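I have placed the structure first, in the form of structure tokens, so that the comments after it can refer back to it.
Residue numbers start at 1 and run along the sequence shown. Just so it is clear, the structure is predicted and the values come from calculations on it, not from any experiment. Side chains included, hydrogens not; waters and symmetry mates left out as well; all remaining heavy atoms used. All ligand and atom numbering here is 1-based and tracks the order in the structure.
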Amino acid sequence: MKISINLQQIGELDRTILRTLKKNLKWALKSFNINLEILEEVIPLTTAEYNPFKRQYDANLIMQNLFKSYKEKGLFRILGILDNDIYVNRYNFIFGSARHPDKIYSPYSPVALISIFRLREEFWGFQADQALFELRILKEALHELGHTFGLIHCENDCIMIFSNSIDDTDNKPPKFCESCKSSIEIFLKNEI
Ligand SMILES: [Zn+2]
Ligand SMILES: [Zn+2]
């Protein structure tokens, strides 16, 4: 199977975000020989995924849709990107998820999802900062993709540190530590 990460737009999203993310991921993953693609079609958001009480979308339901598309197209990895606020189970919000929609306790899923909704400085009451916004998107994408390569959370100076707040995201580097990097290399070798 071709080692390809497919970026999937979900709902309304500025397409330039996908192009920038593709370029940045290419740079961040350059040592792994992974292909990056942007999928043409858009997966729409539906009212079924919307929780009017929380005014947020249910990430598990969106993940189920992504999973369907992953299976139908026979993809290696799919990363959904959306510009709406998402939550899952007991969390008020999440930046992203790579949890298997059916097997909750599975260590990883080939499908991942990130929301860019809370990654803008404006969301937190600060002045817009495009470079910071793009860096945060890259970090969240790398972190969730790390899970799709079997990584669990890490305590080194590493992108796999668990992030519970935007400060956590800002404080970690946009790269894998040496230990996570070699785990990914081993994982990918076994996938081919
Ligand atoms: Zn995580
Ligand atoms: Zn690590």
ask   = Under a 4.5 Å cut-off applied to non-hydrogen side-chain atoms, are Lys175 and Ile159 in contact?
value = no
task = Any salt bridge (charged side-chain N to carboxylate O under 4.0 Å, His left out) involving residues 114-130? Give me the pairs, sequence neighbours left out, ordered by first then second residue.
result = Asp83-Arg120, Asp85-Arg118, Glu121-Arg136
key: Between Thr16 and Asp14: side-chain donor-acceptor atoms closer than 3.5 Å   = yes
request  = Just give me the atom name: the N, O or S atom of His153 closest to the Zn ion (ligand 1).
outcome  = NE2
remark   = Near the Zn ion (ligand 2), protein N/O/S count under 2.8 Å comes to 4
query = Applying the side chain to side chain contact (heavy atoms under 4.5 Å, CB included) test to Met160, which of Cys154, Ser183, Ser179, Cys177 qualifies?
reply = Cys154
key: Atom name, His147 (N, O or S, nearest to the Zn ion (ligand 1))   = NE2
key: Side-chain heavy-atom pair Leu119, Ile114 within 4.5 angstrom cut-off   = no
ask   = Given side chains that start at C-beta, do those of Lys139 and His143 come closer than 4.5 Å, heavy atoms only?
value = no
ask   = Between Leu79 and Leu145, is any pair of side-chain heavy atoms under 4.5 Å apart?
value = yes
